2 protein chains.
Amino acid sequence: MPATSPYTERNMEKEITIYDLAKILALSPATVSRALNDHPAINVKTKALIAEKAAELGYRSNTFASHLRTRKTNTLGVIVPRLNSNFMSTVLAGMEEVANNFGYNLLISQSLESESKEQANAKTMFNSRVDGLLVSVAYDTESIDHFAAFISRNIPVLFFDRVMEHPQCGSVVIDNEQAGYDAARHLLDEGCRRIMHVTGDLRRNVYADRMDGFKRALSEAGIEADSASILSTDLSQDAGKSIADHIDQMPAKPDGLFIANDLCAVTCMQALQEKSYTIPGDIAIVGFNNDPVSQVITPQLTTIFYPGYQMGKTAIMAILAQLNGTKPLIQDPIILRSALIIRRSSKRLGDS
Amino acid sequence: MPATSPYTERNMEKEITIYDLAKILALSPATVSRALNDHPAINVKTKALIAEKAAELGYRSNTFASHLRTRKTNTLGVIVPRLNSNFMSTVLAGMEEVANNFGYNLLISQSLESESKEQANAKTMFNSRVDGLLVSVAYDTESIDHFAAFISRNIPVLFFDRVMEHPQCGSVVIDNEQAGYDAARHLLDEGCRRIMHVTGDLRRNVYADRMDGFKRALSEAGIEADSASILSTDLSQDAGKSIADHIDQMPAKPDGLFIANDLCAVTCMQALQEKSYTIPGDIAIVGFNNDPVSQVITPQLTTIFYPGYQMGKTAIMAILAQLNGTKPLIQDPIILRSALIIRRSSKRLGDS
DNA sequence: ATGAAAGCGCTAACAT
DNA sequence: ATGTTAGCGCTTTCAT
């Protein structure tokens, strides 16, 4: 075999094109193209003929030629902080299901909680010409300038869960303020009076809002949420241990603990138990996310149910609606229902 | 200016092409293209000039035109049974990291454990012209004909975790047989004599191999692994409960239990505890995967560490090596190390 | 070191 | 209902 150009070396089987099909069937490429796209003006019998031949010869549409013409990619970009959390992978599963049903592909990348990686991801997405972009921002993201290129080109950008405010961007969230309120209120109802809240980076809406709800519940109960009762951490498992140490050193220990993440809460709970604190007797605990671990720990962890799958599905539907012009722009955030799930880790009063 | 659509007036930033760049700089498109691709024959100063202007005008390469010419997409397809398991999302996180470093994108889809969905996914991947395909097959996949199109076109297909045998396809796995052996052997060492194994669909290598290892350990110990001691389920959480019911009804109950999935094992364990069995006293339990829940359950669950992140990274490296011709074809499966992690759920003998 | 020109495969006016 | 034709923006011979 003679030396060939770099591209012919790898795939030896020739690709069938609409020209091949056209020639074989003595039709024009245009007719073939229309038939393959189910254009109404094409005779049903012709369509059938073409479809059959295409299948027989293993024709496959060249999406790049198509995209080059149509300027549509049928691909949505997704940027998430991490892929490997139970919540996020559930969101992605929901997204994938809907996107797939509507003929869209997902280009997924993770920022690893870093704004600079997020910027790089955004750039890649932009160059990949995604039709729309779904983002849950990183821990330390300050600005959203890296999405400006999308916005100025009218490529829809939709934030979910960890959202940023922008007049041109939709968002899908849960009511974190209410969830935080519910959690704190529940602890109050169980008789807790010195309640501590462990939260994440307060630049993120999810944590700031939960804290606001927490404070509102306390203030309604006439309790001052002083700064000592709020601890901002990275909500990692390590943080869970540190929190237990911290509590152990406090002169006036809390009798209630609201931690904005189940994994962190569970680690903290175990560390406290090792130090011989009883849960919920000494300290009642509420987590967040309804992660599988929350049902496995003893005692089972009271937590907030977080509709990840539905959030993923909703986000895709919303951005597709925007793409198809079904809805001009979803101004207001779409708010999904979350719910307090009461389990043993917080039940201090009778009734069990 | 000719009549245009109402939208062109405002806000539609025109896409800059290499032709625009060429015209502005009084160069040819060819030079611009070469400069942008860092071709050695181009003057350094020219390159700098072009790069600067490109940045200034917000030029972005049209990957479709590029792909149309080069027949490379820099995209790898990934088909997994489900996105939302701790193991799989960890694998994907590893894949994404490496792929990203090498300038590749990931097109991810889930088969939802169904062969027909897997076939549809494969078709989409094929039409998307992925440069390579990574697959962990569905629960019920019988044939791999749906990957034939890739193989015949020399598009690398690499299986990971749940693999199929094919002379042209590489694979990345752990030594499931050895892991199964280790698990059973450990239970034997702890004094168990009536050991039961709960497994998944035996068409899948991961389950068949673990079972083989299990049987080998038992037979070495002179114990017959009769059919009654092996239970094939879907390894779901519901299955975990059913298993507990089943055991509760057995006349001669097992004193050791090896369940090929942590989530299932944990649910089963909780159900057994509810029935007042003590773990490990009455029944010692070993799971599989080292899922976060395994460290949270009381007593903590002995399990097999499964290097998900590394598996993801390794799989991408292997397929890229094949793509770049660095390695012609990885005939033998790449086997990653797994490890038994002994925790309290299986410690029946002293030493603690 | 740079340029001219020919496509890659498809779609969509604009014909007929 | 079908055909003609002109690009979409890029890369890469082959020339200079």
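Since the model is a prediction, treat every value here as computed from it, not as a measurement. Computation of the quantities below employed the complete heavy-atom set of this structure, encompassing side-chain atoms and omitting hydrogens, waters and symmetry-equivalent molecules. Every chain is numbered from 1 and lettered A, B, ... according to where its sequence line falls, protein lines coming before strand lines.
For A/Arg69 against D/dG9, no side-chain N or O and base N or O form a donor-acceptor pair under 3.5 Å. On a pure distance criterion of 3.5 Å, a polar donor-acceptor pair joins the side chain of B/Arg34 and the base of C/dG3.
Here the side chain of B/Ala30 is nearest to one of D/dT2, C/dG9, C/dA5, namely C/dA5. Between D/dT2, C/dT2, D/dC10, one nucleotide has an atom nearer to the side chain of B/Ile18 than all others, and that is D/dC10. The side chain of B/Asn62 lies closest to D/dC10, out of C/dC10, C/dG3, D/dC10.
Formation of a donor-acceptor pair under 3.5 Å by the A/Asn121 side chain with backbone atoms of A/Gln110 is found in this model. Side chain of A/Arg34 to main chain of A/Ile42: no donor-acceptor pair is present (N/O by atom type, distance under 3.5 Å, no hydrogens or angles).
Side-chain nitrogen and oxygen atoms of B/Thr70 include none within less than 4.0 Å of the OP1 or OP2 phosphate oxygen of C/dC8. Distances shorter than 4.0 Å separate none of the side-chain N or O atoms of B/Thr46 from OP1 or OP2 on C/dA1. Side-chain nitrogen and oxygen atoms of B/Ser28 include none within less than 4.0 Å of the OP1 or OP2 phosphate oxygen of C/dT2. Contact annotation: B/Thr31 reaches the phosphate of C/dG3 (side-chain N/O to OP1 or OP2, under 4.0 Å). Under 4.0 angstrom from either OP1 or OP2 of C/dC10 there lies no side-chain N or O belonging to A/Ser33. Taking only side-chain nitrogens and oxygens, B/Tyr19 never comes nearer than 4.0 Å to OP1 or OP2 of C/dG3. For the pair A/Asn37 and C/dT11, the criterion of a side-chain N or O lying under 4.0 Å from OP1 or OP2 is met.
As rounded to whole Å, 8 Å separates atom P of D/dC10 from atom CG of B/Leu36. In this structure, the CD1 atom of B/Ile50 is 11 Å from the C1' atom of C/dA1, given to the nearest Å. Atom CG in B/Leu25 sits roughly 12 Å away from atom P in C/dT2 (whole-Å rounding). The separation between B/Lys45 atom NZ and C/dT2 atom P is 11 Å, rounded to whole Å. Computed from coordinates, the B/Asp20 CG to D/dG9 P distance equals 8 Å when rounded to whole Å. Note: NZ (B/Lys72) to P (D/dT12) measures 12 Å, nearest angstrom. Rounded to a whole Å, the CG atom of B/Asp38 is 15 Å from the C1' atom of C/dA1. We find that CD1 of B/Ile16 is positioned 11 Å from P of D/dC10, with the value rounded to whole Å.
From A/Phe160, atom CZ reaches atom CG of A/Leu336 across 12.0 Å, with rounding to the nearest 0.5 Å.
Counting heavy-atom neighbours within 6.0 Å of B/Glu165 CD, excluding the residue itself, gives a total of 12 or less. Other residues, nucleotides and ligands contribute only 12 or fewer heavy atoms inside 6.0 Å of the CE atom of B/Met317.
Using a 4.0 Å cut-off between charged nitrogen and carboxylate oxygen, A/Arg162 and A/Glu113 count as a salt-bridge pair.
Using a 4.5 Å heavy-atom threshold, the side chains of A/Asn84 and B/Leu92 count as separate.
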For this session: Dump the intermediate steps for side-chain hydrogen bond (donor to acceptor under 3.5 Å, both in side chains) on B/Asp131 and B/Thr73, then the final yes or no.
Result: CA-CA 6 Å; B/Asp131 290 338; B/Thr73 65; 3.2 Å; yes
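With DNA chain C read from its 5' end, the first of the two nearest nucleotides for B/Pro29 and B/Arg129 is the one closest to B/Pro29.
When the local axes at the two ends of the helix from C/dA1-D/dT16 to C/dT16-D/dA1 are compared, using 5 base pairs at each end, they differ in direction by 30° after rounding to 10°.
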